[in-house]
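Below is one structure, written out as structure tokens; comments come after it.
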There are 2 protein chains.
Amino acid sequence: MTMVRNTRQRQAVLEVLRTTRTHPDAAWIHQAVRQALPSISLGTVYRTLDALVRDGVAVTIERAGQATRYDFRRDDHHHHAVCRRCGAIFDIEVRDVPQLPRSALPGGFQVADVRLEFHGFCLACQDKPEPSGPGG
Amino acid sequence: MTMVRNTRQRQAVLEVLRTTRTHPDAAWIHQAVRQALPSISLGTVYRTLDALVRDGVAVTIERAGQATRYDFRRDDHHHHAVCRRCGAIFDIEVRDVPQLPRSALPGGFQVADVRLEFHGFCLACQDKPEPSGPGG
DNA sequence: ATTCGTGCAAAGGGTTTGCATTGTT
DNA sequence: AACAATGCAAACCCTTTGCACGAAT
């Protein structure tokens, strides 16, 4: 059967995730874990995070061309607002999501994670000029 | 001011998006557009898609390590179910999203796109074994 | 003792970007 | 004529992977 070993690396990554209230990416987590476990590699961090996501312990927030951000899944069911410009991620308390019409899901679809994401522009970024094309 | 030029490339990409009911990635769109405009480059496809997303004409579905999928935004407000294993994307009709508590958003946050995504496993993938770690 | 997990480093793949050129306005 | 958009190809960055070694069970 599946043997998930309780390694120091796994514990350390989980601990960092647990005690972090921001939404860090793998590199940030790697640096943080290094403080307790200097020799841990980035590859192991990725592998551990993958496992945590598979196990439902963590969820991801993904943006094209950006590093995946990880979020420890607490009992509160919160969701996210994501700033398109600066990438800031805000937690939003939403309790109504379970009411959403899952009946519309394709037959037999097994839901592992419901994501409600508001994408847009945070207050601080609304006045900033577009980080536009080649011209600059 | 913003000068969005109406180039052949832009029209062709838009046309492909408009007439495609699946959720293609940039490479697929590139190949499709090539049939009408053989010389178009992948870079231009990316730039055009970015612009269409900025303009709200298209939306993205993003998965870590996977190519971004694009979806032409029709008037119906549908959302997506994403299979974690095979990457299949299913459309879901959901009309209740506007009722969701935007009041919980951070002050001044300007919403450009509301995404409701059900991540999990489609029927066809539920029996498949895990594509697990290094061991195979 | 077994075998999964790790570290390392290279490879992989999607996306972006600089620059000269083309083509819209 | 002006300058945004394109094509090309290299660069970027995040993520994955092969392999030999180390460590948990």
Side-chain angles (χ1 to χ4, degrees), chain A residues 1-14 16 23-31 33-34 36-55 58 60-70 84-85 87 129-136, chain B residues 1-14 16 23-31 33-34 36-55 57-58 60-70 84-85 87 89 129-136:
Chain A
M1 64 166 296
T2 321
M3 282 287 97
V4 180
R5 291 183 179 175
N6 192 23
T7 63
R8 238 168 310 155
Q9 288 84 349
R10 195 182 181 84
Q11 293 176 344
V13 170
L14 185 54
V16 164
H23 306 82
D25 61 20
W28 190 99
I29 294 168
H30 182 214
Q31 290 308 322
V33 175
R34 263 174 180 294
L37 217 69
S39 68
I40 191 172
S41 71
L42 182 56
T44 292
V45 170
Y46 271 110
R47 281 185 283 231
T48 304
L49 289 170
D50 281 355
L52 293 174
V53 170
R54 274 203 304 277
D55 295 349
T60 58
I61 302 132
E62 291 151 44
R63 286 217 313 148
Q66 306 293 329
T68 298
R69 312 278 283 270
Y70 294 84
R84 272 190 187 172
R85 201 158 296 159
E130 286 263 340
S132 55
Chain B
M1 65 166 297
T2 322
M3 284 283 100
V4 179
R5 291 183 179 174
N6 192 24
T7 64
R8 239 168 309 155
Q9 289 84 348
R10 195 183 180 84
Q11 293 176 345
V13 169
L14 186 54
V16 164
H23 307 82
D25 60 21
W28 190 98
I29 293 168
H30 182 214
Q31 290 308 320
V33 175
R34 262 175 182 293
L37 218 70
S39 68
I40 192 173
S41 72
L42 182 55
T44 293
V45 170
Y46 271 109
R47 282 185 280 229
T48 304
L49 288 170
D50 282 355
L52 293 175
V53 169
R54 273 202 304 276
D55 295 349
V57 176
T60 58
I61 302 131
E62 291 151 43
R63 286 218 310 147
Q66 307 291 326
T68 298
R69 311 278 282 271
Y70 295 83
R84 271 189 188 174
R85 200 157 298 160
I89 298 173
E130 287 263 341
S132 53

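Side chains included, hydrogens not; waters and symmetry mates left out as well; all remaining heavy atoms used. In this text, all values refer to a predicted model and were calculated from it rather than measured experimentally. Chain letters run A, B, ... following the sequence lines, proteins first and then strands; every chain starts at 1.
- Residues passing the ring-ring contact (aromatic ring centres under 6.0 Å, His included) test with B:H23 are B:H80, sequence neighbours excluded.
- Residue B:T44 places none of its side-chain N or O atoms closer than 4.0 Å to OP1 or OP2 of D:dA5.
- Rounded to an integer number of Å, the gap from A:R47 CZ to D:dC14 P is 18 Å.
- Distance check: B:Q66 CD to B:I61 CD1 gives 13.0 Å after rounding to the nearest 0.5 Å.
- Atoms CG and NE2, from B:D25 and B:H30 in turn, are 12.0 Å apart once rounded to the nearest 0.5 Å.
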Side chains of residues 36-46 of chain A: which donor-acceptor partners sit under 3.5 Å, not counting sequence neighbours?
unit_1 : atom_1 : unit_2 : atom_2 : d
A:S41  : OG     : A:T44  : N      : 3.2
A:S41  : OG     : A:T44  : OG1    : 3.2

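- Contact between the side-chain N/O atoms of A:S41 and the OP1/OP2 oxygens of C:dT6 is not found at any separation under 4.0 Å.
- Residues meeting the side chain to side chain donor-acceptor pair (under 3.5 Å) test with A:R10, sequence neighbours left out: A:D55.
- Side-chain contact check for A:V16 versus A:W28: some heavy-atom pair is nearer than 4.5 Å.
- Atom CZ of B:R10 is separated from atom C1' of D:dA5 by 10 Å (rounded to the nearest Å).
- Residues B:R63 and A:E62 come closest through the heavy atom pair CA-OE1, 2.7 Å.
- Bending across the helix from C:dA1-D:dT25 to C:dT25-D:dA1, expressed as the angle between its end axes from five pairs apiece, amounts to 40° (10° rounding).
- When atom types are taken as modelled, the side chain of B:R69 and the backbone of B:I89 share no donor-acceptor pair closer than 3.5 angstrom.
- Taking atom NE2 of residue A:H30 and atom P of nucleotide D:dT16, one finds them 15 Å apart after rounding to whole Å.
- When the side-chain nitrogen and oxygen atoms of A:Q9 are compared with OP1 and OP2 of C:dG7, one or more of them lie within a distance under 4.0 Å.
- Here A:T48 contributes atom OG1 and A:Q9 contributes atom CD; the two are 7.5 Å apart, rounded to the nearest 0.5 Å.
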N/O contacts under 3.5 Å, protein versus nucleotides 21-24 of chain D?
unit_1 : atom_1 : unit_2 : atom_2 : d
D:dA24 : OP1    : A:R8   : NH2    : 3.2

Every protein N/O lying under 3.5 Å from an N/O of nucleotides 12-16 of chain C:
unit_1 : atom_1 : unit_2 : atom_2 : d
C:dT15 : OP1    : B:T68  : N      : 2.9
C:dT15 : OP1    : B:T68  : OG1    : 2.8
C:dT15 : OP2    : B:Y46  : OH     : 2.3
C:dT15 : O5'    : B:Y46  : OH     : 3.2

